[in-house]
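When a residue number appears, it is its place in the shown sequence, counting from 1.
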Amino acid sequence: NRLTDLACRAAPTGGTGAFAHCAFVTFASRRQAEMARDLRYCANRTVWVASSPPEPSAMRWQVLVREPVWSMASQLVGAAIVVGLLIAFIPICTLISSSAKTVNAGPLQPLWAALAPTIGLQIMMALMPSLLLMICRWFYTLKSDPEAQHELQIWYFVFQLIFVILVTAIGNSLAKSVEDISRKPFSIFETLATELPTATHFYLNYLVLQWTTHAIALLRIANLAKFISYRLLFEEEEARAMAEPEDQDYHGMGARYARFAISMVICIVFSTLSPLAAPLAVINFAVCRLIYGHLIVFAESKKADLGGTFWVTQLKHVQVGSLIYTALMIGLLSGRSQNDRWPMIIAAPTFPLVLCGFIYFDRAFDWTKLPFDELLAIEAESGRVCANQPSARDEVYMQPELIDEEEEEAAGAPTCK
């Protein structure tokens, strides 16, 4: 009521203090909602933008008050910070990778040389999701927590791709490597073929070490510690609720799916150079199926989702691994068959073929929207037309700060808390 009175007083005078640049609209049927979302309202696509909202429980209401101009500027600043972090992180990873040779562990030198680089890189990669998620939440205009997790999935995969898989090929300077490739684009094949085969044992150790990290995730040590602490002050059920959820930086959907994708990419890229990588990856994903099949279904609290966005992004990441694999194989066939170029010539067309397949997958398939005939069939089968079906928690799009407790109790409308 207060907002209605404020809007009525501001409208005749042309004031804009009571109005916002975004709002939620509920339609009578899903068909109407789909048509309204796909309708073009203006020649300028940035004037009217329609999209499906995330789940009410995951909304980040404070982001909706940002003006579009400031949001764009904030995102540019966030991207610049991520790129700066990317450049500054390379010397650290290079130092960790070379620690096996520079540090002498005496009698334990063989064990140190085998595990030190892998463990050090795992620790640094474990800290990275917290930094990336903090940057995404502060600078990016993300309307919900799952969208922040998806942005984390993309950037975290990029970091792991560079600092886990390509770090041996990049060397000590990312800028120098980019400059060399820009001068000689085809040198990327030779660089990959020269550097990556020398580090196959590192990646075998990396896959084996993943089993340990999955087992630690199964223990849920942080949640257990919080539960034991809260149980001293609260009832057991209340303490259990307060101990949830798990750390969303490292164990959230974004970081978790990025780690799964990078393990699959390691299997794809190195399975030909070292055939042992394939069975180790199979064991790794079997352990993942066992552990996370239990955690997600029975142990962890239910999270809001984006309806398949994380899965599709994982498919794209696997295709990136296929691109790296084809580039690596072309370089190997070129370098190891100096007297016979036919193997390289036969393999060379696979790179543009895989690249075209990646672009086609990204642009041709619109998986976010149902075809109209399928939408009509679903409505006919369900026997009801509902645009925005209420979630399992019966939440509605009401910002809690705008509703008095008395009004909420009188209306009986659920809010997102």
Q: For atom CE of Met72, decide whether the heavy atoms of other residues, nucleotides or ligands shown that lie under 6.0 angstrom number more than 12.
A: no

Q.
Would you say CE of Met134 has more than 12 non-hydrogen atoms from neighbouring residues, nucleotides or ligands within 6.0 angstrom?
A.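 Enclosed: over 12 neighbouring heavy atoms sit under 6.0 Å from CE of Met134.
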
[X] side-chain N/O to [Y] backbone N/O, donor-acceptor pair under 3.5 Å:
X: Arg259; Y: Tyr250; result: yes
X: Gln149; Y: Gln248; result: yes
X: Lys303; Y: Ser301; result: yes

Q | Worked check of side-chain contact (heavy atoms from CB on, under 4.5 Å) between Asp305 and Met253 | A | CA-CA 9 Å; Asp305 199 0; Met253 289 184 288; 4.2 Å; yes

Taking every non-hydrogen atom, the tightest pair across [X] and [Y]:
X: Pro197; Y: Leu332; answer: CG-CD2, 3.9 Å
X: Ala217; Y: His251; answer: CB-CE1, 3.8 Å
X: Leu192; Y: Ala327; answer: CD1-CB, 3.8 Å
X: Phe351; Y: Leu323; answer: CE1-O, 3.7 Å
X: Leu333; Y: Ala347; answer: CD1-CB, 3.6 Å
X: Ser322; Y: Val354; answer: CB-CG1, 4.0 Å

**Q.** Any side-chain donor near an acceptor of the partner, Thr272 and Tyr325, under 3.5 Å
**A.**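 A pair is found: one side chain offers a donor N or O, the other an acceptor, under 3.5 Å apart.
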
Look up atom [atom1] in [X] and atom [atom2] in [Y], then write down how far apart they are to the nearest 0.5 Å.
X: Leu276; Y: Thr200; atom1: CG; atom2: OG1; answer: 10.0 Å
X: Cys288; Y: Leu295; atom1: SG; atom2: CG; answer: 10.5 Å
X: Leu127; Y: Leu132; atom1: CG; atom2: CG; answer: 11.0 Å
X: Leu152; Y: Leu133; atom1: CG; atom2: CG; answer: 5.5 Å
X: Cys267; Y: Ile262; atom1: SG; atom2: CD1; answer: 12.5 Å
X: Met329; Y: Thr326; atom1: CE; atom2: OG1; answer: 9.5 Å

Q. Does the side chain of Thr313 reach to within under 4.5 Å of the side chain of Tyr257, using non-hydrogen atoms?
A.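 The answer is no, as the side chains (C-beta and beyond) never meet within the 4.5 Å cut-off.
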
Q) So, do Trp367 and Thr309 sit near enough that their side-chain heavy atoms are less than 4.5 Å apart? A) yes

Name the atoms and distances for all side-chain donor-acceptor pairs under 3.5 Å in residues 153-163, with sequence neighbours left out.
| residue | atom | partner | partner atom | Å |
| --- | --- | --- | --- | --- |
| Gln153 | NE2 | Phe310 | O | 3.3 |
| Trp155 | NE1 | Glu151 | OE2 | 3.4 |
| Tyr156 | OH | Met125 | O | 2.7 |
| Gln160 | NE2 | Ala258 | O | 3.4 |

Q. Could you give all pairs that pass the side chain to side chain donor-acceptor pair (under 3.5 Å) test and reach residues 135-148, with sequence neighbours left out?
A.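 Counting only pairs at least two positions apart or across chains, the side chain to side chain donor-acceptor pair (under 3.5 Å) contacts touching residues 135-148 are Ser71-Thr141.
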
Q. So, are Glu55 and Lys302 salt-bridged, with charged N and O less than 4.0 Å apart?
A.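 A salt bridge is absent here (no side-chain N lies under 4.0 Å from a carboxylate O).
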
Q) Is the shortest side-chain N to carboxylate O distance from Arg37 to Glu34 below 4.0 Å? A) yes

Q | side-chain contact (heavy atoms from CB on, under 4.5 Å) between Ile324 and Ile268, worked out | A | CA-CA 9 Å; Ile324 297 176; Ile268 293 173; over 6 Å; no

Taking distance alone, no hydrogens or angles, what donor-acceptor pairs closer than 3.5 Å link side-chain atoms of residues 219-230 to residues at least two apart or in another chain?
| residue | atom | partner | partner atom | Å |
| --- | --- | --- | --- | --- |
| Arg220 | NH1 | Glu244 | OE2 | 3.1 |
| Arg220 | NH1 | Ala299 | O | 3.4 |
| Arg220 | NH2 | Glu244 | OE1 | 2.8 |
| Arg220 | NH2 | Glu244 | OE2 | 3.0 |
| Arg220 | NH2 | Glu246 | OE1 | 3.3 |
| Asn223 | ND2 | Ala243 | O | 2.9 |
| Lys226 | NZ | Ala243 | O | 3.4 |
| Ser229 | OG | Ala225 | O | 2.9 |

Sequence neighbours left out, cut at 3.5 Å: what donor-acceptor pairs do the side chains of residues 233-240 make with other protein atoms?
| residue | atom | partner | partner atom | Å |
| --- | --- | --- | --- | --- |
| Glu237 | OE1 | Arg240 | NE | 3.3 |
| Glu237 | OE1 | Arg240 | NH2 | 3.1 |

(Q) Could you work out, with side chain to side chain donor-acceptor pair (under 3.5 Å) as the rule, every residue matching Thr194, not counting sequence neighbours? (A) none

**Q.** Evaluation steps, side-chain contact (heavy atoms from CB on, under 4.5 Å), between Ile283 and Trp211
**A.** CA-CA 8 Å; Ile283 297 174; Trp211 309 347; 3.5 Å; yes

Q: Enumerate the residue pairs fulfilling ring-ring contact (aromatic ring centres under 6.0 Å, His included) with a member in residues 265-292, sequence neighbours excluded, ordered by first and then second residue.
A: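 ring-ring contact (aromatic ring centres under 6.0 Å, His included) check on residues 265-292 returns Tyr203-Phe270, His214-Tyr292, Phe260-Tyr292.
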
Q: Check the pair Val265 / Val320 against side-chain contact (heavy atoms from CB on, under 4.5 Å), numbers first and verdict last.
A: CA-CA 8 Å; Val265 170; Val320 172; 6.0 Å; no

